[in-house]
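Counting begins at 1 with the first residue of the sequence.
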Amino acid sequence: MSVPTLTGMVVGSMVGAGVFSLPARFGVATGILGSLIAWAVAGAGMLMLAFVFQNLAVRKPELDSGVFIYAKAGFGDYVGFNSAIGFWASAVAGNTFYWVFITATLGAFFPAFGDGDTVLAMALGTAGVWLFHTLIARGIRDAAVINRIVTVFKILPILVFIVVLFIAFDAGIFADNWTAYGYGDLGGLDEQIRNTMLITTFVFLGIEGASVYSRYAKRREDVGKATVLGFLSVLAIFSLVTLSSYAVMTQPEIAATRQPSMIGVFESVVGEWGSWFISAGVIISVLGAYLAWTLMAAEVMYMPARNEDFPVFLGRENENGTPITALVVSSMAVQGLLAVTLVLSDALNFMLDLTASLALIPFFLAAAYGLKLGLTGESYEGVERRTRRKEAIFAGIATAYTLFLLEAAGLEFLLLSAVVLAPATLLYVKARSERGRRIFTPTEIVLCAVIVAAGITGVVGLWTGFIAI
């Protein structure tokens, strides 16, 4: 593959459903100044993380079983297991978000779907989950053609949105939105930026996939170019969607726009046809993303099972070569979360934040492993000292950035993550027992105790209302 082709694949893996919710997610938290700083911080942090994944692909080419393998290689089997479960749970929550997003989009035309949290919305989501499950189980695994078509149809309406809104630019509204302090108390600038961090994490999910394409490149160095070009292109698209919205509507109006908020913002400028145009782009984009991430969720369970980190039954395939048990478990998990949407106060944003929070665990561990390699010099034999120092700095920044994201996510989502990780430890115990291995080291016993305690605290918090969902 050439640089343009590789760049297109990087862009396609990152531009998904989250971009269509950016206006209101930023509008409720900050004004233009806060948005600019937030995108600068997110852009710098995620670019460092992209470099970490690329560097790990070069330094440790034998570790090709997914993101979790870096945590396992760097910090032991149990940490690697939790990284895999975190990434899988993130994919499941993201897939649930996709169905809520589709039905919320339909809710603008058919009120019975509400904001994606009604019984009818859950019923449509359920039908979709098992339709895709059946297609994938029959061996429809090569989604390359579908993804190419989907990438065109999701980029086109976004670009039209940006161009039209800047043509309709209102200098007065833009100036009033600079800090948006005149509209009410959004908190200090640092608080505004922190409140945007989870949405910036969500929209950049897929950045870890850039290194996967390295084996297809005509030249190895092309991958680095494609990673940077693709990432900067996506960063430009995301930031322009946010800024163009501030050019046509006041911050309170943007904040009050129903999700997916790009629809309402665009309709306010061009009229009713705008809602149909963006809605079509949303549905096509999300269905394509759902196919890709359903495959991803199954693979994230299947690969650890093949590497003896998950129980044997999760590594089973059907006659079509599909990891069927992992697919069934993943589809059932999405089904369960769809049922939970009936009791959530804001199902769309909750699923988005949960997806991003769970993804932070494997991201942090991968960045920390990159930093560990740079500091210890492992895998840098015969490499210039300057290169090792540069890559260690990149990994250090990425590690600090993911720690900042974990803090920004807040205690609520960290405890909810533990609610997922704690019972999943039973899978780890089963996997170790099946192979006759020692279950925990002394350090892992302490880590397990912390996770279980946090999980219990999360359940108590949900029961008492301390954690509001």
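The main-chain N or O of Thr325 is never found under 3.5 Å from a side-chain atom of Arg316 such that the two would form a donor-acceptor pair. Side chain of Asp309 to backbone of Ala305: no donor-acceptor contact under 3.5 angstrom is found. Checking side-chain atoms of Thr457 against main-chain N and O of Ala453 turns up a donor-acceptor pair under 3.5 Å. In terms of modelled atom types and a separation under 3.5 Å, the side chain of Thr322 and the main chain of Ile136 share a donor-acceptor contact. For the pair Ser239 (side chain) and Ala236 (backbone), a donor-acceptor distance under 3.5 Å is present.
Judged by the 6.0 Å and 45° rule, Lys372 forms no cation-pi pair with Tyr70.
Between Phe53 and Phe363, the angle of the ring planes goes over 60°, which puts this pair in the perpendicular group of the 30/60° scheme. Ring geometry, Phe26 versus Trp39: the interplanar angle falls under 30°, so the pair is classed parallel (tilted spans 30 to 60°).
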message: Before you tell me yes or no, could you show the steps for Arg59 and Glu378 under salt bridge (charged side-chain N to carboxylate O under 4.0 Å, His left out), namely the whole-Å CA-CA distance, both residues' side-chain angles and the distance that decides it to 0.1 Å?
response: CA-CA 9 Å; Arg59 304 296 164 211; Glu378 181 186 347; over 6 Å; no

field: Verdict with supporting geometry, Phe238 and Phe204, ring-ring contact (aromatic ring centres under 6.0 Å, His included)
entry: CA-CA 10 Å; Phe238 292 163; Phe204 282 126; 5.5 Å; yes

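Looking at Phe310 and Trp88, their side chains never come closer than 4.5 Å, going by heavy atoms from C-beta outward. The closest side-chain heavy-atom distance from Phe169 to Ser244 is not below 4.5 Å. Side-chain contact between Ser357 and Leu416 is absent, with no heavy-atom pair separated by less than 4.5 Å. Side-chain atoms of Tyr401 and Met46, non-hydrogen and from C-beta on, do get closer than 4.5 Å to each other. In this structure, the side chains of Pro23 and Thr242 stay at 4.5 Å or more apart for every pair of heavy atoms. Side-chain contact between Tyr380 and Glu391: present, with at least one pair of heavy atoms (C-beta onward) separated by less than 4.5 Å. Pro260 has its side chain within reach of Ile263: a pair of non-hydrogen atoms, C-beta onward, lies under 4.5 Å apart.
Salt-bridge annotation for Arg438 and Asp77: absent, with no side-chain N of the basic residue lying under 4.0 Å from a carboxylate O of the acidic one. Between Glu384 and Arg389 no salt bridge is recorded (no basic side-chain N to carboxylate O distance below 4.0 Å).
Here Tyr246 and Trp178 keep their ring centres 6.0 angstrom or further from each other. Aromatic ring centroids of Phe81 and Tyr428 lie under 6.0 Å apart.
Here the closest heavy-atom approach between residue Gln251 and residue Asn177 is recorded as N-OD1, 2.9 Å.
For Arg437, the CZ atom is densely surrounded, since the number of other residues' heavy atoms within 6.0 Å is greater than 12. Counted within 6.0 Å of CZ on Arg435, heavy atoms from surrounding residues, nucleotides or ligands total more than 12; the atom is thus considered enclosed.
Atom CD1 in Ile397 sits 10.5 Å away from atom CG in Leu371 (nearest 0.5 Å).
Residues passing the salt bridge (Lys or Arg N to Asp or Glu O under 4.0 Å) test with Lys390: none are found, sequence neighbours excluded.
Each of Thr425, Thr441, Thr443 was compared with Tyr78 under the side-chain hydrogen bond (donor to acceptor under 3.5 Å, both in side chains) criterion, and only Thr425 meets it.
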